[in-house]
Trainee: 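Quick one: the structure is below, questions incoming.
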Amino acid sequence: TANDNVIFDANSFTGPGEVVEVNNDNIFCRDMIWDGVTGNPTLSASDVRVLNVFGSIQLSTDMQFDFRGDVVLAGTDAGHFVDMAGQPIQRNFFVEGSGGEWTLQSALTIAGIFEFRTGTLYTEGFDVEVTYFNVLSTGAGHLLDLGTSRVRINGVDMTINFPFIYAAFLRVNPDNT
């Protein structure tokens, strides 16, 4: 559920190359933490699955993120982080937690769409690489702070909903973005 933490550590796997296969269309968790895992385990899911994270997500360089569905940050409170540990998001990444606040702790690579809808995301100078970049936030209380991060858009589409985006909602250092 949105209130449950999912933690994988050295005690979670008994041998090398084990796989956690997601079989539900939508999965929910507060925090998903991969810390101290051994044996190079894999989190796997097809492209019709959705990982809804209401807190923080921390992956590991000692695992494989073969989650081919969407990743959604959906929390409604502050103090969360995103650490992909060099693992790319293979489909789309949505920030849509009204009142939610996340801070990047590593670079973010997204094979599909990065879409900022609601909440707050601080990139903290980490690079962001996407295929499509959409900012659709409306109303007060939402902030996409790109700071000094380099944002690379590899696709042909970028949407920023200008009538609703003001300096208070989108912070960009134009020398680095």
Side-chain angles (χ1 to χ4, degrees), residues 2 5-9 27-37 43 45 50-137 141-155 157-161 165-177:
N5 294 326
V6 177
I7 300 172
F8 296 95
D9 61 19
I27 60 171
F28 302 86
C29 66
R30 174 114 178 120
D31 295 337
M32 178 175 279
I33 307 296
W34 292 71
D35 186 33
V37 295
L43 177 65
V50 179
L51 171 58
N52 297 278
V53 179
F54 287 79
S56 298
I57 182 168
Q58 175 187 333
L59 300 183
S60 170
T61 57
D62 296 322
M63 52 95 59
Q64 300 298 313
F65 189 66
D66 188 31
F67 191 94
R68 289 167 278 158
D70 294 339
V71 176
V72 179
L73 300 181
T76 58
D77 55 347
H80 307 296
F81 61 87
V82 176
D83 183 356
M84 297 304 293
Q87 306 282 351
I89 294 173
Q90 297 182 32
R91 193 151 189 245
N92 303 316
F93 181 77
F94 300 98
V95 180
E96 61 179 32
S98 186
E101 179 184 295
W102 294 268
T103 302
L104 290 187
Q105 292 188 341
S106 62
L108 188 59
T109 301
I110 303 163
I113 298 167
F114 168 90
E115 189 164 291
F116 178 81
R117 297 175 181 168
T118 59
T120 299
L121 178 65
Y122 298 98
T123 59
E124 292 296 308
F126 290 104
D127 290 349
V128 176
E129 184 172 351
V130 303
T131 301
Y132 303 102
F133 184 84
N134 297 325
V135 178
L136 304 176
S137 180
H142 310 297
L143 173 64
L144 174 58
D145 188 339
L146 300 174
T148 60
S149 294
R150 291 187 184 272
V151 177
R152 180 178 178 162
I153 302 168
N154 296 318
D157 185 31
M158 179 176 84
T159 302
I160 298 180
N161 195 354
I165 302 298
Y166 303 100
F169 302 132
L170 178 63
R171 292 188 195 148
V172 177
N173 177 344
D175 293 334
N176 286 336
T177 303

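Start at 1 with the first residue, then count along the sequence. Everything numeric here is computed off the predicted structure, so don't read it as measured data.
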Trainee: Compare every heavy atom of Gly97 with every heavy atom of Thr118, then report the nearest pair and how far apart it is.
Mentor: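 Heavy atoms only, the tightest pair is OG1-N, 3.4 Å.
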Trainee: Keeping the roles fixed (side chain from Arg117, backbone from Val95), state whether a donor-acceptor pair exists under 3.5 Å.
Mentor: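 No, because the side chain of Arg117 does not come within donor-acceptor range (under 3.5 Å) of the backbone of Val95.
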Trainee: Give a yes or no on whether the backbone of Gly119 and the side-chain of Glu96 come within a donor-acceptor separation of less than 3.5 Å.
Mentor: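 Looks like no, no N/O pair under 3.5 Å.
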Trainee: Output the distance between atom OG1 (Thr109) and atom CZ (Phe93), rounded to the nearest 0.5 Å.
Mentor: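 That separation rounds to 11.5 Å.
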Trainee: Are Asp127 and Arg150 within salt-bridge range, i.e. N to O under 4.0 Å?
Mentor: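 Salt bridge: no.
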Trainee: Nearest 0.5 Å please: distance from the CG atom of Asp62 over to the CZ atom of Phe8.
Mentor: 15.0 Å
Trainee: Just so I know, are the side chains of Asp9 and Asp35 near enough to count as touching, which here means a heavy-atom distance under 4.5 Å?
Mentor: no
Trainee: Any donor and acceptor pair, going by atom type alone, linking the side chain of Thr123 with main-chain N or O of Leu146 inside 3.5 Å?
Mentor: yes
Trainee: Just how far is it from atom CG of Asp145 to atom OG1 of Thr120, taken to the nearest 0.5 Å?
Mentor: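 Interatomic distance, Asp145 CG to Thr120 OG1, rounded to 0.5 Å: 9.0 Å.
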Trainee: Step by step, would you call Gln58 with Asp83 a side chain to side chain donor-acceptor pair (under 3.5 Å)?
Mentor: CA-CA 5 Å; Gln58 175 187 333; Asp83 183 356; 5.2 Å; no
Trainee: Got Phe116 and His142 here, is their nearest side-chain heavy-atom distance under 4.5 Å?
Mentor: yes
Trainee: Please report the C-alpha distance between Val53 and Val82 in whole Å, then the side-chain angles of each, then the deciding distance to 0.1 Å, and finally whether the side-chain contact (heavy atoms from CB on, under 4.5 Å) criterion is met.
Mentor: CA-CA 10 Å; Val53 179; Val82 176; over 6 Å; no
Trainee: Can you tell me if Ser56 uses its side chain to pair, donor with acceptor, with the backbone of Phe81 under 3.5 Å?
Mentor: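 Yes; at least one donor-acceptor contact below 3.5 Å.
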Trainee: Ignoring hydrogens, what is the shortest heavy-atom contact between Trp34 and Ser60? Give both atom names and the distance.
Mentor: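 Smallest heavy-atom distance, with atoms named: O-CB, 3.6 Å.
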Trainee: Checking side-chain contact (heavy atoms from CB on, under 4.5 Å) against Leu51, which of Ile27, Leu73, Asp70 comes through?
Mentor: Ile27
Trainee: How many angstroms lie between atom CD of Gln87 and atom OG1 of Thr61, to the nearest 0.5 angstrom?
Mentor: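 If we round to the nearest 0.5 Å, Gln87:CD and Thr61:OG1 are 7.5 Å apart.
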Trainee: So do the side chains of Leu143 and Tyr122 get within less than 4.5 Å of each other, counting heavy atoms only?
Mentor: yes
Trainee: Are the side chain of Gln90 and the backbone N or O of Phe65 linked by a donor-acceptor pair below 3.5 Å?
Mentor: yes
Trainee: Val50 versus Val72: any side-chain heavy-atom pair under 4.5 Å?
Mentor: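 Contact flag for Val50/Val72 side chains = yes.
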Trainee: To the closest 0.5 Å, what do you measure between CZ (Arg91) and CD1 (Ile110)?
Mentor: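 Arg91 CZ to Ile110 CD1: 13.5 Å, rounded to 0.5 Å.
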Trainee: Is it the case that the side chain of Ser149 and the backbone of Val151 share a donor-acceptor pair, with hydrogens and angles ignored and the cut-off at 3.5 Å?
Mentor: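 Judged by distance alone, no pair lies under 3.5 Å.
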Trainee: Indicate the ring-plane relationship of Trp102 and His80, choosing parallel, tilted or perpendicular according to the 30° and 60° boundaries.
Mentor: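 Taking His80 first and then Trp102, their aromatic rings sit tilted (interplane angle of 30° to 60°).
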Trainee: Go through the steps to decide whether Leu144 and Phe114 satisfy the test side-chain contact (heavy atoms from CB on, under 4.5 Å), and finish with yes or no.
Mentor: CA-CA 12 Å; Leu144 174 58; Phe114 168 90; 4.1 Å; yes
Trainee: Can you check whether Tyr132 reaches Asn92 side chain to side chain, under 4.5 Å on heavy atoms?
Mentor: no
Trainee: Has the side chain of Asp66 got a donor or acceptor atom that lies under 3.5 Å from a matching backbone atom of Leu43?
Mentor: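 It does not hold such a pair.
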Trainee: OG1/Thr131 to CZ/Arg152 distance, rounded to the nearest 0.5 angstrom?
Mentor: 10.0 Å
Trainee: Would Asn5 and Ile33 satisfy side-chain contact (heavy atoms from CB on, under 4.5 Å), going step by step from the backbone distance to the final call?
Mentor: CA-CA 8 Å; Asn5 294 326; Ile33 307 296; over 6 Å; no
